[in-house]
Enquirer: 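Here you go, one structure.
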2 protein chains.
Amino acid sequence: MLREDVTEAIRTAVFEELAAVGYARMSIEGIARRAGVGKTAVYRRWKSKLALVLDLVSAVAAEGLPAPATGSLYGDVRALLEVAAHALRHPVASQVVPDLLVEATRHPEIADAIRAALLDGQHGVAAAVVRDAVARGELPEETDVDRALDLIVGPLYWRLVVVRGALPAGYLDGLAQSAVAALRA
Amino acid sequence: MLREDVTEAIRTAVFEELAAVGYARMSIEGIARRAGVGKTAVYRRWKSKLALVLDLVSAVAAEGLPAPATGSLYGDVRALLEVAAHALRHPVASQVVPDLLVEATRHPEIADAIRAALLDGQHGVAAAVVRDAVARGELPEETDVDRALDLIVGPLYWRLVVVRGALPAGYLDGLAQSAVAALRA
DNA sequence: TCACGACGGAACGGTTGCGTAGCGACGCAC
DNA sequence: GTGCGTCGCTACGCAACCGTTCCGTCGTGA
């Protein structure tokens with residue numbers, strides 16, 4: 001019986017290590033060190049760094065994403081941005097996500113895991129939002145879900161992760177407003 | 001006198017190595033190997049991996065960015081997107097840029113270099129586009145340049161670098177149209 | 001022609017991480 | 001109380017790079 005508290009300590013350490021040094025530099029030794037655990041304890045649970053990360057990403061995927069249903073396109077978009085901003089402002093997530101995205105181009109398994117954990121979930125939520133908006137007559141029938149996602153999340157991701165700029169009060173409101181206008185165009 | 005052809009071979013190798021393995025995994029030995037050059041030749045020119053990369057990024061910065069002046073906001077935005085899409089579809093750039101952006105959070109010097117090389121240039125171009133549009137009455141006086149950049153480049157970056165999705169025909173046209181609508185909202 | 005300097009290559013000692021093995025200690029089930 | 005499995009820890013041989021040093025070679029300018 002593997003001790004659950006040790007397993008949890010390792011999981012936590014992996015996230016911290018991933019944020020601190022990135023996937024490429026992350027080592028099993030470093031994880032064990034940070035977790036206050038022997039290397040053996042890690043190897044007894046996962047066979048490699050890749051397997052370890054894939055397992056954690058999949059665990060995140062299982063959490064799911066709340067689907068907004070506020071009754072208006074603006075409301076739904078605003079809610080979606082709120083969730084996204086909350087996630088991307090988290091210091092660990094905002095570091096780990098782009099790091100793994102880059103690494104994904106070198107490891108197809110990571111790409112698959114990220115797709116399943118993040119992108120698919122987002123796509124599902126966006127599809128529901130678009131479907132509802134079409135039903136209400138707020139959007140044309142032929143609205144493309146992927147394009148909608150680009151327009152809604154893209155600007156926020158750019159600001160928070162690429163430029164790493166501030167998020168002034170009212171920014172999300174304006175962004176939601178702009179996104180709705182963009183979707184209608 | 002350092003031989004220019006050797007210097008150039010090293011520069012090329014760094015870009016390739018950066019794209020292939022990323023900054024974290026990149027080694028001086030690997031660069032020299034790829035360039036078909038002795039380690040000595042590299043160390044004779046740059047004192048470290050960081051100095052080497054900073055020098056290359058600065059060189060890119062010196063190239064500058066063309067400022068569109070098509071006479072309409074839509075035309076300017078469309079042109080800007082064309083340039084950005086061209087850059088981000090380049091296999092090396094689309095790998096190196098996000099990699100260095102992540103690394104920038106760990107090395108302030110890289111953050112500064114990237115800012116000088118890419119973000120400042122973009123900001124300048126966007127400022128000119130917004131200024132012209134305001135002068136033509138296409139945009140309100142108080143339009144924020146950073147927000148405009150988020151709305152224009154964000155969706156494209158998201159699609160090309162994050163989702164790594166295709167760029168169907170007419171996508172940029174639609175995106176430019178949406179961005180203009182978003183800016184006016 | 002000759003001296004100088006950059007060249008590629010090999011080797012140096014040192015560090016770090018790999019994945020594995022063996023250690024005694026501890027805790028839990030029977 | 002006895003055994004079994006996991007625990008943290010140390011050590012192993014191996015590999016990759018680090019940054020430096022010393023070769024012998026080659027091209028160029030004086």
Side-chain angles (χ1 to χ4, degrees), chain A residues 1-57 59 95-96 99-100 102-103 105-110, chain B residues 1-57 59 95-96 99-100 102-103 105-110:
Chain A
M1 285 300 99
L2 301 174
R3 266 168 53 189
E4 188 57 36
D5 60 327
V6 170
T7 307
E8 202 46 48
I10 296 173
R11 280 194 220 273
T12 304
V14 170
F15 277 119
E16 293 175 0
E17 197 74 3
L18 217 42
V21 305
Y23 179 83
R25 269 187 266 259
M26 187 177 72
S27 69
I28 301 280
E29 302 224 3
I31 293 166
R33 211 179 301 135
R34 187 186 285 268
V37 143
K39 272 202 289 181
T40 327
V42 180
Y43 279 110
R44 201 174 284 128
R45 291 166 172 78
W46 296 276
K47 71 175 213 299
S48 69
K49 185 170 85 167
L50 180 58
L52 180 39
V53 168
L54 290 180
D55 187 37
L56 285 213
V57 173
Q95 193 82 328
V96 171
D99 183 80
L100 288 183
V102 174
E103 218 56 55
T105 65
R106 291 188 266 266
H107 305 278
E109 309 96 313
I110 294 186
Chain B
M1 286 298 102
L2 300 174
R3 267 169 51 190
E4 188 57 35
D5 59 328
V6 170
T7 306
E8 202 46 47
I10 296 174
R11 279 195 221 273
T12 304
V14 170
F15 277 119
E16 292 175 358
E17 197 74 3
L18 217 41
V21 305
Y23 179 83
R25 270 187 267 257
M26 188 177 72
S27 69
I28 302 279
E29 302 224 3
I31 293 166
R33 209 180 301 134
R34 186 186 287 268
V37 142
K39 273 202 288 181
T40 326
V42 179
Y43 280 110
R44 202 173 284 127
R45 289 164 173 80
W46 296 276
K47 74 174 210 300
S48 70
K49 184 170 86 166
L50 181 58
L52 179 39
V53 168
L54 289 180
D55 186 37
L56 285 212
V57 172
Q95 193 81 328
V96 171
D99 183 80
L100 288 183
V102 174
E103 218 58 53
T105 66
R106 290 187 268 266
H107 304 277
E109 309 97 314
I110 294 186

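Protein chains get the first letters and strands the later ones, always in sequence-line order, with residue 1 at the start of each.
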Enquirer: Among the candidates D:dC7, C:dA6, C:dG17, find the nucleotide nearest to the side-chain atoms of A:S27.
Expert: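 Ranking D:dC7, C:dA6, C:dG17 by closest atom to the A:S27 side chain puts C:dG17 first.
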Enquirer: Base of D:dC9, side chain of A:T40 - is there a donor-acceptor contact under 3.5 Å?
Expert: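 Checked by distance alone, the answer is yes.
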Enquirer: Calculate, to the nearest 0.5 Å, the distance between atoms CD1 and CG belonging to B:I10 and B:D55 respectively.
Expert: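 If we round to the nearest 0.5 Å, B:I10:CD1 and B:D55:CG are 11.0 Å apart.
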Enquirer: Taking the side chain of B:Y43 as its heavy atoms from C-beta onward, which of D:dC18, C:dG17, D:dG8 lies nearest to it?
Expert: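 Looking only at heavy atoms from C-beta outward on B:Y43, the closest nucleotide is D:dC18.
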Enquirer: Could you check how far CD of A:E29 sits from C1' of D:dC14, rounded to whole Å?
Expert: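 One finds 13 Å between C1' of D:dC14 and CD of A:E29, rounded.
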Enquirer: Just how far, in rounded Å, is P of C:dC18 from NZ of A:K49?
Expert: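 To the nearest whole Å, that distance equals 7 Å.
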Enquirer: Rounded off to whole Å, could you give me the CG-to-C1' distance for the A:L52 and C:dG19 pair?
Expert: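 Going from CG in A:L52 over to C1' in C:dG19 covers 15 Å.
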Enquirer: Tell me which nucleotide among C:dC18, C:dG8, D:dC17 gets nearest to the side chain of B:V6.
Expert: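 Nearest to the side chain of B:V6 among the choices is C:dG8.
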Enquirer: Can you tell me the distance, in whole Å, between the CH2 atom of B:W46 and the P atom of D:dG19?
Expert: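 Distance check: B:W46 CH2 to D:dG19 P gives 15 Å.
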Enquirer: Taking CZ from B:R34 and P from D:dC17, how many angstroms apart are they, rounded to a whole number?
Expert: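 Rounding to the nearest Å, CZ of B:R34 and P of D:dC17 are 12 Å apart.
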Enquirer: Using a heavy-atom cut-off of under 4.0 Å over every strand shown, decide if A:G36 touches base, sugar-phosphate, or nothing.
Expert: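 A:G36: backbone/sugar contact only, no base atoms under 4.0 Å.
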Enquirer: Kindly say whether A:M26 contributes a backbone atom to a donor-acceptor pair with the side chain of A:K49 at under 3.5 angstrom?
Expert: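 Indeed, once roles are kept as given, a pair shorter than 3.5 Å links the two residues.
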Enquirer: Think B:R33 has a side-chain N or O under 4.0 angstrom from the OP1 or OP2 of D:dC17?
Expert: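 Yes, because at least one side-chain N or O of B:R33 sits under 4.0 Å from OP1 or OP2 of D:dC17.
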Enquirer: Which nucleotide, C:dG19, C:dC7, D:dG19, lies nearest any side-chain atom of A:I28?
Expert: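 It is C:dG19.
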Enquirer: Would you say the side-chain atoms of A:D99 pair up with the backbone N or O of A:Y23, donor to acceptor, closer than 3.5 Å?
Expert: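 Judged by distance alone, yes, a pair lies under 3.5 Å.
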Enquirer: A:D5 has an atom CG; how far is it from atom C1' of D:dT6, in whole Å?
Expert: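 Going from CG in A:D5 over to C1' in D:dT6 covers 11 Å.
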Enquirer: Starting at atom CD of B:E4, determine the distance to atom P of C:dA6, rounded to an integer number of angstrom.
Expert: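 Those two atoms, CD and P, are 14 Å apart.
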Enquirer: Nearest to the side chain of B:L2, heavy atoms from C-beta on, is which of C:dG19, D:dG19, C:dC7?
Expert: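 Nucleotide nearest to B:L2's side chain: C:dC7.
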Enquirer: Can you tell me how far apart NZ (A:K39) and CZ (A:R33) are? Round to the nearest 0.5 Å.
Expert: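 Those atoms lie 9.5 Å apart.
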Enquirer: Once rounded to the nearest 0.5 Å, what's the spacing between atom CD of A:E29 and atom CD of A:E17?
Expert: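 Taking CD in A:E29 and CD in A:E17, the distance rounds to 11.0 Å.
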Enquirer: If you round to the nearest 0.5 Å, how far is CG of A:L2 from CZ of A:R44?
Expert: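 A:R44 atom CZ to A:L2 atom CG measures 7.0 Å (nearest 0.5 Å).
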Enquirer: Under 4.0 Å from OP1 or OP2 of D:dG27: is there any side-chain N or O of B:R3 that close?
Expert: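 It does not, given that no N or O in the side chain of B:R3 lies less than 4.0 Å from OP1 or OP2 of D:dG27.
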Enquirer: Would you say the side chain of A:K39 and the base of C:dG19 hold a donor-acceptor pair, judged only by whether the two atoms sit under 3.5 Å apart?
Expert: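 Side chain to base: pair found, below 3.5 Å.
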Enquirer: B:R45 CZ to C:dG5 C1': how many Å, rounded?
Expert: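 Result: 12 Å.
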Enquirer: B:R45 side chain to B:A41 main-chain N or O, any donor-acceptor pair under 3.5 Å?
Expert: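 Side chain of B:R45 to backbone of B:A41, a donor-acceptor pair under 3.5 Å: yes, one is there.
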Enquirer: Identify the heavy atoms of B:A35 and B:A9 that sit nearest to each other, and give their distance.
Expert: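 Minimum heavy-atom contact is CB-O, 3.7 Å.
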Enquirer: Do any of residues 9-17 of chain B sit with a heavy atom less than 4.0 Å from DNA chain D, and if so which?
Expert: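 Under 4.0 Å from DNA chain D: no residue of residues 9-17 of chain B.
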